[in-house]
2 protein chains.
Amino acid sequence: MTTTARERLMSAAVDAFAEKGFAATTTRDIASRAGMSPAAVYVHHDSKESLFFQVSLSGHRETLELVEKSAARTDEPVERLRGLIYDFSLWHARNSRVGRIVQYEFNALTPEHRTEIGDYRRRIERVVRDVLADGVAVGAFDVDDLGGTARALLSLGVDLVRWYSPEAGSRTPEAMATLHASLAVRMVHKG
Amino acid sequence: MTTTARERLMSAAVDAFAEKGFAATTTRDIASRAGMSPAAVYVHHDSKESLFFQVSLSGHRETLELVEKSAARTDEPVERLRGLIYDFSLWHARNSRVGRIVQYEFNALTPEHRTEIGDYRRRIERVVRDVLADGVAVGAFDVDDLGGTARALLSLGVDLVRWYSPEAGSRTPEAMATLHASLAVRMVHKG
DNA sequence: GTCTATAAATTGATAGAC
DNA sequence: GTCTATCAATTTATAGAC
């Protein structure tokens, strides 16, 4: 298990950005967390924003992959939605530091990077909307506003990163995910 | 309708902080939005953080007052919860700029101010938990995890400030609030 | 690829005149 | 209570030696 300088840098950036936010994080801070000099950062990345973009991109890719796999696991609408929200909230509970960067620092990206990341967000949302639409089509779900409800379901997991920490110990990530999955099903289940 | 310099300053600060976040906002930016010189800011506030604290405090006070009034309006559990979530989400939809500051910039506060604001947050959460507990007590609601569910209900409104803008026009604040209120009732209603 | 040293710009905040 | 001018510190990023 060797770690490259580049990996140490990414990990240091995740810690710093999650803790202080993009704007309040200095390149010196990132460098020192990675055990490097301030100048060494620029061997691996052109700018602070490009380092940030790498973190944000990998977080969004992971999330999209996660929800796509989850939605492909079954066709039964209720268990499909339950699994999807369980997995989404579980990821945000377990990875609240990366999640904070992914969800809250969108505006720190350059316009070009914003377009690219925005596409990932639309695709994630689309998976949820499709799961809802399928459930409605077969008469399992009762949903008025597909887009609004999809966003509300994602809000449960997203908002975890604002306050939840797995280390705090009052609730396990699995308990949070189970709660959210159960609430999600109640939000749309027919009858 | 005269506006004092102090009011112009607060309003400029809300705009700037909501748009760029606390750390990325410069005192020069706030001053110029308020039509003042950089030095004039310090006649009214000791520091950038103290100006920010004023904004955060007034936002939290407004929110606490709002939920307390809403919860006092009726005793019938379902309509009480519906009204509470309606009002909370409506406020966040209408005031998404102040809401962004209130919800996302907690860590920018000094430790003393964090304690003070943290108290408002606990009181807001408490109102929701009490409304749920009352509904459970009279057999109207079915809730496993009171605290977790209360937080999930608030998450619907809170997460609006991350993406919603009343100017965008795809949904009115009232439509968002109605949707959230209806989802909230389904999340906890018995049977 | 790493370092030390430093450039160039920006920042929060203050001094002092009016 | 507002301004102009400026300080002192900090920041992103680069130059050049090893």
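Atoms considered below: every heavy atom in the structure, side chains included; atoms not considered: hydrogens, waters and symmetry mates. Letters A, B, ... are given to chains in the order of the sequence lines, protein chains preceding strands, and every chain is numbered from 1.
- Among the heavy atoms of the strands lying under 4.0 Å from A:Thr26 are primed sugar atoms or P, OP1, OP2 only; no base atom is included.
- Between A:Asp159 and B:Arg151, none of the side-chain N atoms (NZ, or NE/NH1/NH2) sits under 4.0 Å from a carboxylate O, so this pair counts as no salt bridge.
- Residue whose closest nucleotide on DNA chain D sits further toward the 5' end, between A:Asp46 and A:Ala24: A:Ala24.
- Within 4.0 Å of A:Thr4, counting heavy atoms only, lies no atom of the nucleic acid at all.
- The nearest whole Å value for the distance from the CE atom in B:Met36 to the P atom in C:dG12 is 16 Å.
- Computed from coordinates, the B:Arg28 CZ to D:dT10 P distance equals 16 Å when rounded to whole Å.
- Separating the CZ atom of B:Phe52 from the P atom of C:dG12 is a distance of 14 Å, rounded to the nearest angstrom.
- Within the 3.5 Å criterion, the main-chain N or O of A:Val102 finds no donor-acceptor partner in the side chain of A:Ser56.
- In this structure, A:Lys48 places its NZ atom 16 Å from P of D:dT10, rounding to the nearest Å.
- Counting only heavy atoms from C-beta on, A:Tyr42 has its side chain closest to D:dT14 among C:dC3, C:dG1, D:dT14.
- Relative ring orientation between B:Phe17 and B:Phe52 is described as perpendicular, the plane-to-plane angle rising above 60° on a 0-90° scale split at 30° and 60°.
- For the pair B:Arg123 and B:Tyr120, the cation-pi test (distance below 6.0 Å, angle within 45°) is passed.
- When distances run from any side-chain atom of B:Ser47 to the nucleotides C:dC3, D:dT2, C:dA13, the shortest one goes to C:dA13.
- Regarding B:Arg6, its CZ atom lies at a distance of 12 Å from the P atom of D:dT2, rounded to whole Å.
- As a whole-Å value, the separation of B:Glu49 CD from C:dG12 P is 13 Å.
- We find that CG of B:Leu9 is positioned 13 Å from C1' of D:dT2, with the value rounded to whole Å.
- For A:Gln54 and A:His45, the side-chain atoms include no donor-acceptor pair closer than 3.5 Å.
- Nucleotide D:dA13 holds its P atom 16 Å from the NE2 atom of A:His44, rounded to whole Å.
- Listed nucleotides C:dG12, C:dC3, D:dG1 differ in distance to A:Ser37; the shortest reach to its side chain belongs to C:dC3.
- You'll find that the side chain of A:Ala39 is closest to D:dT14, out of C:dG12, D:dT14, D:dT2.
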